[in-house]
Amino acid sequence: MISKSMQDALNRQISLEQYSAQLYLALSAHCEGKSFRGFAHWLRVQSGEETAHAVKLVDFLLDRGGKLELQVVPVPTAQLGGIIQVFEQVLAHERGNTAKINALFEQARAEKDYASEITLQWYVSEQVEEEATVSQIVDHLRAVGDQGGGIWYLDSKMGKRGKA
Ligand code: FEO
C-alpha cells in the first residue's frame, strides 16, 4: 500500500504531466498556424508522450492500491513567439519537470518506498533524454536563426519524428 504522502505527490506529478501535454499541444497549434508543420508534428507527438507519462503513473498508483485524485489542469501560459522562443520554453519546462521528478525520487528514497523509487528511475532517465534532445533542438535553432532557409530545413527534419 502506498503512503498518503507519496499518493499525493504522484497525483501532483500526474497533473503536471497532463499540463505538459496541454502546453505542447498549444505550442504545436501555434507552430501549425505559422505553417511550420514539422515543428508542430514534433510537439504533437511530444504531447502524446506526456499523456503516456501521466497514464503510466496512474497505472502505478492504482497497482499500489492508491487513489487517483485528478486535479484541474491549468490553461498553458505559453509565450507564443518565434520558433526559437517556443523551444526555449519547452527546454525550460523540461528542466522544471526534472526538478519535480528528482524531488519525487528523493521522497521515495526517504520513505523507503522502493517500488516508487524503481518506477521513478524510468522518469529520471527519460528526463535526461528529453533535456538532451530539446537542448540540441534549441542549439540548432539558435544556429540557423528564425529567418531564412535553415529553419525550413529543420522543420522538415522535425516532421520525420515517429509517432509516440
Ligand atoms: Fe513527462 Fe517531458 O516529461
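Just follow the structure's listing: the first ligand is 1, and inside any ligand the first atom is 1. In this text, all values refer to a predicted model and were calculated from it rather than measured experimentally.
- Residues meeting the side-chain hydrogen bond (donor to acceptor under 3.5 Å, both in side chains) test with Ser116, sequence neighbours left out: Arg64, Asp113.
- Between Phe105 and Tyr123, the distance separating the two ring centers is not shorter than 6.0 angstrom.
- Two rings, from Phe87 and Trp42, have their centers less than 6.0 Å apart.
- Remark: Asp63 pairs with no residue by the side-chain contact (heavy atoms from CB on, under 4.5 Å) rule, at least two apart or across chains.
- In this structure, Tyr19 and His93 have tilted ring planes: the angle between them lies in the 30° to 60° band.
- The set of protein atoms (N, O or S) found at less than 2.8 Å from atom 1 (Fe) of ligand 1 reads Glu17 OE1, Glu50 OE1, His53 ND1, by chain and number.
- Every side-chain contact (heavy atoms from CB on, under 4.5 Å) that Ala26 has, sequence neighbours left out, goes to Pro76.
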